[in-house]
Undergrad: 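Submitted below is the structure of interest, expressed as structure tokens.
Keep in mind the model is a prediction, meaning the values are calculated, not measured.
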Amino acid sequence: TIGRMYGFLQQSLVQLVLAEENGTLLLEAIQKELLKYLPTDSQGSGEKAVADFFKHYDDAFSMRMLSAVAQALQLAEDECLRQAGVFAIDTFIDNGYLSIMRSLGKDFFTFLGNLDSMHDNFLGSFPKMKPPSFKPVRNEDGTTTLHYRSSRSVLGPYTASLIRTTAKRLFELDIEVEHVIRKGFNRADHDEFTLHMPDEAYPAEEATTETFTGTLALEPGTVDVLFPWHFAFDESLVVQSVGPCLAKRLNINPVGSQVRDLMFIQRPLECKFDFEDFKKREGTPYQFALKEEVIKATEESVCFEGSLDDDRSDTSGFSSADTCPFSRRSSAGSAGTNGTVDMRRAMAKVKKNVVQLHGEVVPAGELLLFAGVPAIKSLSHMKAQGVAMTELPVHSHGREMMLGTMMQSLSASQANKAAAKLRDLSDDRSAADRERALTGELLYKILPPVIADALAKGEKAPAETFPACTVLFSDIVGFTTISGSVPPEEVMTMLNELFAKFDELTTIHGVYKVETVGDAYVVSCGAPELADDHAERMCNFAIDMVRAASTVISPLDGEALQIRCGLHSGAVMSGVVGAVRPRYCLFGDTVNVASRMESTGLPASIQISYRVVRALPDPSLFEIATRGRIAVKGKGAMKTFLLLGLSGSLDPPLWPKLPEDDSKTVEVWQSATPEIPGSQGVDLAPHGRVATSPRPLSRARLSESNLKMHEKRLSTVPGSFSSRKTCFATGLSRKPSGADFSSGSSRWPSPNAVLEEASAFSQI
């Protein structure tokens, strides 16, 4: 059969895990693994599901949890139990049992001797508990041997640590606990510990005081009234006297029978039917259970308000010539044998309707007398045993204890239900908190923190103006063709890969992703958070953005993606638009111009306005080429520039990649002007390294034959890039570092030289 135990061990294991530096994460992983082994109706969430103090777990689950914790902490199971035992005392204290434990004795030795009594009283709160047994024996050498009996053979290391920690916490004693015998080894039926304790751990010798005693002879009838459930036996274990309440439940004459033929010993676990052993255990609580074969069969139910018959001599129907000194019942002796019954086997044979007696065995002349009352755990248990309230002697407080036990059991049951409801509420609250956290996290990903905080509080998001901001627009070259030619799944995969790279770059460069619309990706810097270096950040972001796009492959032709980027700086306004699916939007001329910079830009290049150049704190950090004046809708002709990269960078400049088409005119510049930047009063010298063309060149027609001749000619120039088939005019722009058409110096060819070459070959 599979044993079961309450969650004492489980809670200790949980505390052991939480004591680790990463204990919370470890515990979550352990809980996730263990929850699948719990019944569906027992599965809560979190720690309470797998380690509820009042929950009854089968041993298979308990051992599985022990194994999981030991594996997580990389400990042997015995060592795991030993360390968990250190936290066991805290488990009981946290659940409100400190005052009960302190009441067990003024010294540690007495405390150990009273543990069994505490466990007996716990049966009201823990009716399914299989309580262990502790028997301390003081040795002549000053040590104490503690006999520990449990239905489980693995808890020895746990118990050893619990004993040591309890002595320290409750009695401020440092003791040594030596596990000398382990249950299951060499046929040992229980664990034994040798305790090395100081004198303070033992009862202090009390001063001798004068006592006043007298002689009191009790009539047999008086004994029956005071002890209606008693029985007395002689040295041969032959029953000499039986109380009326016990006698009327037996189908044989108990007087003269062997006591071991009438009942089992349930507690103490190791106790034998031995007269001398009984005498040594004076003051030890006992629990006996009648054997089924000696119980009188009856269909009568006992009324709770019923009373005993006044003529107790007739209640049993037994008689004898010899009179017992404790009862009107008589006895005859016979020899008996010793025996021992393990509580597990005894309890397995005991049904609910079998009377169980709890009390003590005390000397009474040459006899031993058991004085006790039925061990009733609950109202249903009392009814099953057929015990009436009036059958419990008044002086024993049995009635009060029975009612108290039932109230305690009821209170524990109600507490468990309340705890279960609280646990459910806690689980619901935790789930709501997790959902709220996920919602908040998503909200912060979609909206700026200031806006998200306002919306979370139910407030109206404020509109703001930012005087200095740089806005970037980008789109994918040929996206319309791609989206119309390949399956949607492949398009989405491509966009996810591309935008994931862009998202990572926004974090690196400290810019804000405003939105994505189709293949367009909009970014700002300086809004919603102010930044003095907004233009520099955005230029760095744009450079990395174009290079990152070239690492993504188009599902249409397997070529690297190309994007166009446009930047403009100026003032913007921002705010949240819409009540349903609200969006954070930027407004103003700066946004419109940035969009035009992208739409009029060239493939695989970054087009920036003059305002961006002026907004750079140090334009010399970048390579910038003049594109000339272009027509911008709503703005007329605007002078624009190409951002080629960082100055001194080993990466190739980001020259535009113009499409190859033998039948169409390739527009290199849309509206180039003859003026050099600065010729109209604009001085660009302090604004970066600007490459310019010395004369206008609006169009160049390059046939396939012209391109081949051009490549052939370039191949004769040292450091040429013909092997890579790269040319600014043709769009094949990956030029090797160090190419210089005139001197072979380690500089890239200027746009002037490339344009002159392209112009010359266009006239061939």
Undergrad: Going by side-chain contact (heavy atoms from CB on, under 4.5 Å), name the residues that satisfy it together with T481, two or more places apart in sequence or in a different chain.
TA: S485, L556
Undergrad: Could you check whether atom CD of E504 has more than 12 heavy atoms from other residues, nucleotides or ligands sitting under 6.0 Å from it?
TA: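 No, the 6.0 Å shell around CD holds no more than 12 heavy atoms from other groups.
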Undergrad: Just checking, any donor-acceptor pair under 3.5 angstrom between side chains of T590 and H568?
TA: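 H568 and T590 do not have a side-chain donor-acceptor pair below 3.5 Å.
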Undergrad: ring-ring contact (aromatic ring centres under 6.0 Å, His included) with Y512: which residues, sequence neighbours excluded?
TA: Y584
Undergrad: If the condition is salt bridge (Lys or Arg N to Asp or Glu O under 4.0 Å), which residues does E490 pass it with, not counting sequence neighbours?
TA: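 Checked E490 against salt bridge (Lys or Arg N to Asp or Glu O under 4.0 Å); zero matches.
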Undergrad: With sequence neighbours left out, what residues match Y521 under ring-ring contact (aromatic ring centres under 6.0 Å, His included)?
TA: F499, F502
Undergrad: Test F473 against every option in V593, V591, V523, L567 by the side-chain contact (heavy atoms from CB on, under 4.5 Å) rule and name the one that passes.
TA: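 The residue from V593, V591, V523, L567 that satisfies side-chain contact (heavy atoms from CB on, under 4.5 Å) with F473 turns out to be V591.
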Undergrad: Would you say the side chains of R564 and Q607 form a donor-acceptor pair under 3.5 Å?
TA: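 On atom types as modelled, these side chains do not qualify, holding no pair under 3.5 Å.
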Undergrad: Calculate, to the nearest 0.5 Å, the distance between atoms CG and CG belonging to D533 and L616 respectively.
TA: 10.0 Å
Undergrad: Might you confirm whether atom CD of E497 has over 12 heavy atoms from other residues, nucleotides or ligands at distances under 6.0 Å?
TA: yes
Undergrad: In chain order, what residues pass the salt bridge (Lys or Arg N to Asp or Glu O under 4.0 Å) check against K635, with sequence neighbours excluded?
TA: D589
Undergrad: The criterion is side-chain contact (heavy atoms from CB on, under 4.5 Å); which residues satisfy it with N540, sequence neighbours excluded?
TA: H509, E536, F622, L646
